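Just so it is clear, the structure is predicted and the values come from calculations on it, not from any experiment. Whatever order the structure lists them in is the order used to number ligands and atoms, beginning at 1.
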Amino acid sequence: MSVADTGFSILSEDFGAAPHRYFAHLRERAPVHHEPAIDSYFLSRHEDVKRVLTDHDAFTTETLQVRAAPVMRGPVLAQMTGAEHAVKRRIVVRAFTGPALADQIRTVQATAAELMAPLLARGRMDLVNDFGKPFAIQVTLALLGLDRRDRHKVSAWHSGVAEFVTSLTLTPERRRHCMDCAEQLEAYLLPVIEQRRRDPGDDLISKLCTAEFDGVAMSDRDVTALIINVLVAAAEPADKTLALLFKHLIDHPEQLAQVRRDPDLLAAAIAETLRYTPPVQLIPRQAEEDSTFAGTTVPAGATVFCMVGAANRDPDAFTAPDTFDIHRPDLGTARSFTAAAQHLSFGAGLHQCVGTAFARAEIETVAAMLLPVLDQVRYSPGFRYQEAGLYTRGPLSLALDFTPVH
Ligand code: 2IO
């Protein structure tokens, strides 16, 4: 069914205000929704999204050539295929698991402690703007080995790059702004890369600089693109996931009380937050051949958007999908952070998120630090909850009151 038939558009204000209200309609009535203004197809059923993400011959990541490469200043991991992809993915995965992950958890703890300290005595904080955003950027800078004093400019450039990657429509003026941010970020990174090639440390940039692929080291362009790739992928969803976790727990006080009593339940609460409200709502692919879904054919060459949020609430995949329930038997907490996940918030297939274990550890660590100090946590008087974003989506702010800590 098209916009002409229903008047429905994913680009409308109504959809943007509360996408989940339209998920059932899309899955049942328009599982292959075409959006003429951007000539793209939107798939909302779990089965169809899973098929697109795992049939790598029929659906490729070629779309990233226009959607990501211009601001990444080169190819991102998700664009690569074959042996090159396998080798570079392994390099990045190794930097986010095992002993490297243990170091990163200490960085997460130190960053969270430093940012929390001045907020606790006030008994009030905006979990997105006072804490989550600076936290996400500072943790990412630390794991890349970038100077924390550069956080304000890197954060501004990151916003421009992320805007480019996650916009469905972009005016020429915004596009210019995003490209400016990307070019300045690249100019900032090049001397850092030169320095790490001469004098490597144990940060991710050094690892990328010294890694060899078939006996050949990566070029400055390759390293730059992977740094910007990690910057966006690590920073952009982190504050959103943290704020969504607290929102859902505050909205479900009995589940909040259970998590407080048993912090081992945090992993389930994070997994259910990711299922219920994925911070990355859309995953683009290019159809390489005509493909039929539920009787509708998507033509070869078309851009296809996988609607992760809608797929995660498909009743064919989860029972009572519109209920937030950290105890749901079909969640499979341990599986939720692996290739066997039933939710699709980390994608699926060859390009499934490389930061999955890091993401879990990061959010689990910071939430375990916040929960005990946010005693009597509640929304601040007059706070109005608002989310934004069609591609990445999260709360604009989360104003919280709690018992001041002295
Ligand atoms: C950065 C969109 C936040 C990725 C992207 C160009 C590639 C890829 C994703 C995620 C999350 C970001 N796509 N991470 O969806 O690396």
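- In summary, Arg27 and Asp316 do not engage in a salt bridge, as defined by a charged side-chain N under 4.0 Å from a carboxylate O.
- In this structure, of Leu282, Ile283, Asn229, the residue bringing a heavy atom nearest to atom 16 (O) of ligand 1 is Asn229.
- Close contacts between ligand 1 and Ala68 involve ligand atoms 6 (C) [criterion: under 4.0 Å to a heavy atom].
- Taking a cutoff of 4.0 Å between a charged side-chain nitrogen and a carboxylate oxygen, Lys133 and Asp239 do not qualify as a salt bridge.
- Atoms of ligand 1 found under 4.0 Å from any heavy atom of Val280, numbered from 1 in the order shown, are 11 (C), 15 (O).
- Contact check on Asp48 versus Arg51 returns no salt bridge, with no Lys/Arg side-chain nitrogen under 4.0 Å from an Asp/Glu carboxylate oxygen.
- The pair Arg148-Glu114 meets the salt-bridge criterion, with a side-chain N (NZ, NE, NH1 or NH2) lying under 4.0 Å from an Asp/Glu carboxylate O.
- Residue, atom and distance of the protein heavy atom nearest to atom 2 (C) of ligand 1 are Tyr391 CE2, 4.0 Å.
- Listed by number with element, the atoms of ligand 1 under 4.0 angstrom from any heavy atom of Val165 are 6 (C).
- Shown here, atom 6 (C) of ligand 1 is in close reach of the protein: a heavy atom of it lies under 4.0 Å off.
- Of the protein's non-hydrogen atoms, the one nearest atom 10 (C) of ligand 1 is Ala233 CB, 4.6 Å.
- With a 6.0 Å cutoff to the six-membered ring centre and a 45° limit on the axis angle, Lys247 counts as a cation-pi contact of Tyr385.
- Residue Glu236 approaches ligand 1 through these ligand atoms, each under 4.0 Å from one of its heavy atoms: 3 (C).
- Between Asp330 and Arg275 there is no salt bridge, since no side-chain N of the basic residue sits under 4.0 Å from a carboxylate O of the acidic one.
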